[in-house]
Novice: 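I have a structure here, written as structure tokens, and I will follow up with some questions on it.
Per chain, numbering begins at 1; letters A, B, ... match sequence-line order.
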There are 2 protein chains.
Amino acid sequence: MAHPLIRKLEQFTRLSADDQRLLERVTSEHVRRIGPREDIVSEGDEPGEIHLILSGWACRSKQLEDGRGAILAFLLPGDLCDLDNFLLRTMDHSVGALTAVTLAGIPRSLFEDLMLNHARIAQALWSSALIDAAIQREWTLNLSQRTAYERLCHLLCELFLRLRTVGLTQGSSCELPVTQAKLAEATGLTLVHLNRMLQELRAANLVVLKSKTLTIPNLEVLMSAALFNPAYLHLDQAGEASDTAAAVPILALDERSDGLQL
Amino acid sequence: MAHPLIRKLEQFTRLSADDQRLLERVTSEHVRRIGPREDIVSEGDEPGEIHLILSGWACRSKQLEDGRGAILAFLLPGDLCDLDNFLLRTMDHSVGALTAVTLAGIPRSLFEDLMLNHARIAQALWSSALIDAAIQREWTLNLSQRTAYERLCHLLCELFLRLRTVGLTQGSSCELPVTQAKLAEATGLTLVHLNRMLQELRAANLVVLKSKTLTIPNLEVLMSAALFNPAYLHLDQAGEASDTAAAVPILALDERSDGLQL
DNA sequence: CGTCAGGTTGATGCCATTCAACTTAGGTGG
DNA sequence: CCACCTAAGTTGAATGGCATCAACCTGACG
């Protein structure tokens, strides 16, 4: 499978062969593996590196003083964990591994070089930061307006589409290596209620979820149940002068579902 | 009152006199005024300008297909409305004026020049974009974990502190030129319930709110009721080599409250 | 002095939480 | 290979925070 970061950035600009080699080199020098539940960066510190996820899942999370806390974002292969550290003084939240994670550490000085002397790469990195912000806005809307059921549908749609852009789906399936407790933290629901929503989703045959594998029999149906509008993911950017514009269809993916469709 | 953008950016870097002049010029060429309820940018379009708020309040908002919608952010003087348009193809949400707003339009080409050829300015603008993202994360946490009451406290704390960094507070007071309906849209509550929370806040003497003026008798008490941790606003950045580091105290602002303190 | 936006109040109901138990699956050591 | 252990998932019943529906009040303005 291609390098997830390059794959992701190529959504935004066509990267030259030089740029690609540079990215590969930069992200292969300080690679380390960490286990589930370990922290990648913690609230308060300002590490000297920017971290990129090469494989595995992580999450941004933040706690209130009294212990309540939430997952604010899922981080997938190709995602940067702590762009904040490039310009801000301290982390205002934590990033933790949900599974075993392979991590590339990019020293700040190197990262600065990328941002200052490689316009194409810089543009793509900032684009992806803007999209992360758009995702965060959509999560805000989620919590504010969607029902528990819609919220869960929406989250699953988003994860599936994001995984697909980095080549981590197989047909209508993908890995979902997280517990229901984590999905609950991300949707702002209790574990108990999330479980019930998930069962409704299964009963309606909108998803099949077994042994950490998610299958979406009919993505369009799930999307409409979620009131999902993929615009916020900006999947259609396809860097100017790109010659692969029509490569990935966004919506047309339904392997015929054989169950009832709500 | 000083230029709100310059005032805001000076949190992050000391800007040279040249940089300041440049910013002043760039933000004074396409100034226009719009009335409350008018849109500044709308979902779907890609205007040729980046918009900056010089005075007045605006909000980011997003709707679901069935009409439900939410306010995702408040935009105050010094805030950019649509940085998205600098790198992304289309707006995935709208920005609308809440009051009469004075707006500076910065042509894309000019903005690009700022970003590419004026490192200090670019760094400050991106820093402020990262902080906007941090604010969005905090709003996510708000909706996910804080109670209605805490949420309202938190919003008022945030607005007050943000207004203070651009010099729009007077002592423990500031303008709050929005209706309860808008506060409800921003906190994910119904108008009715927001009204009740506000009354509780008044009864506890945590805020005084009359004729669009908000007074916070004791900010520390309000902050603790909100479980407010100002770290996410990164108010302490005070650009390296800044000589005004100790200028603005963050927490020490309590005019003695004369009411009961929870 | 009528009108309308903004604000306030009461009654009722539901979505999601809470508490508490139970089941299942996966892993580990005897 | 079974006994045990723990994490993960499931189910039931009761409670409550916030929504909903529906009035009513208030002040600003023409």
Novice: Any chance you could lay out the side-chain contact (heavy atoms from CB on, under 4.5 Å) test for Glu150(A) and Asn142(A), step after step, and finish with the verdict?
Specialist: CA-CA 8 Å; Glu150(A) 293 163 348; Asn142(A) 253 345; over 6 Å; no
Novice: On DNA chain C, compare the nucleotides closest to Val192(A) and Thr147(A); which residue's is nearer the 5' end?
Specialist: Thr147(A)
Novice: Atom CG of Leu143(B) and atom P of dC18(D): how far apart are they, to the nearest Å?
Specialist: 12 Å
Novice: Distance check: side-chain N/O of Arg202(A) vs OP1/OP2 of dT10(D), anything under 4.0 Å?
Specialist: yes
Novice: Given dG7(C), is OP1 or OP2 found less than 4.0 Å from the side-chain N or O atoms of Asn195(B)?
Specialist: no
Novice: Atom CZ of Arg146(B) to atom P of dC18(D): distance rounded to whole Å?
Specialist: 14 Å
Novice: When you get a sec, tell me which of dT8(C), dA19(D), dG6(C) is the closest nucleotide to the side chain of Leu189(B)?
Specialist: dA19(D)
Novice: Roughly, in whole Å, what's the span from CG in Leu183(B) to P in dG6(C)?
Specialist: 12 Å
Novice: Measure CG/Leu194(A) against P/dC15(C) and give the value in whole Å, please.
Specialist: 17 Å
Novice: Figure out the CD/C1' separation between Glu185(A) and dT17(C), and round it to whole Å.
Specialist: 16 Å
Novice: How long is the line joining NZ of Lys210(B) and P of dG7(C), in whole Å?
Specialist: 14 Å
Novice: What contact category does Thr179(A) fall into here, base, sugar-phosphate, or nothing, at under 4.0 angstrom with non-hydrogen atoms?
Specialist: sugar-phosphate
Novice: Does a donor on one side chain sit under 3.5 Å from an acceptor on the other, for Gln199(A) and Asn195(A)?
Specialist: yes
Novice: Take Phe74(A) and Ile135(A) through the side-chain contact (heavy atoms from CB on, under 4.5 Å) test and state the conclusion after the steps.
Specialist: CA-CA 10 Å; Phe74(A) 285 112; Ile135(A) 293 174; over 6 Å; no
Novice: Can you tell me which nucleotide in dG7(C), dG12(D), dG9(D) comes closest to the side chain of Arg196(A)?
Specialist: dG12(D)
Novice: In residues 55-65 of chain B, which residues come under 4.0 Å of DNA chain C by heavy atom?
Specialist: none
Novice: Answer yes or no: are there more than 12 heavy-atom neighbours, outside Arg202(A) itself, under 6.0 Å from its atom CZ?
Specialist: yes
Novice: So, OP1 or OP2 of dG7(C): does either fall under 4.0 Å of a side-chain N or O from Gln199(B)?
Specialist: no
Novice: To the nearest angstrom, how far is Leu191(B) atom CG from dG10(C) atom C1'?
Specialist: 15 Å
Novice: Just one of Ile216(A), Val207(A), Leu168(A), Leu155(A) clears the side chain to side chain contact (heavy atoms under 4.5 Å, CB included) bar with Phe160(A), so which one?
Specialist: Ile216(A)
Novice: Rounded to whole Å, how long is the line connecting atom CG of Leu176(B) with atom P of dG6(C)?
Specialist: 14 Å
Novice: Strictly below 4.0 Å, N to O, side chains only: are Glu138(B) and Arg146(B) in salt-bridge contact?
Specialist: yes
Novice: Nearest 0.5 Å please: distance from the OG atom of Ser224(B) over to the CG atom of Asn218(B).
Specialist: 8.5 Å
Novice: Taking only the side-chain heavy atoms of Gln180(A) (C-beta and beyond), determine which of dG9(D), dT17(C), dC18(D) contains the nearest atom.
Specialist: dG9(D)
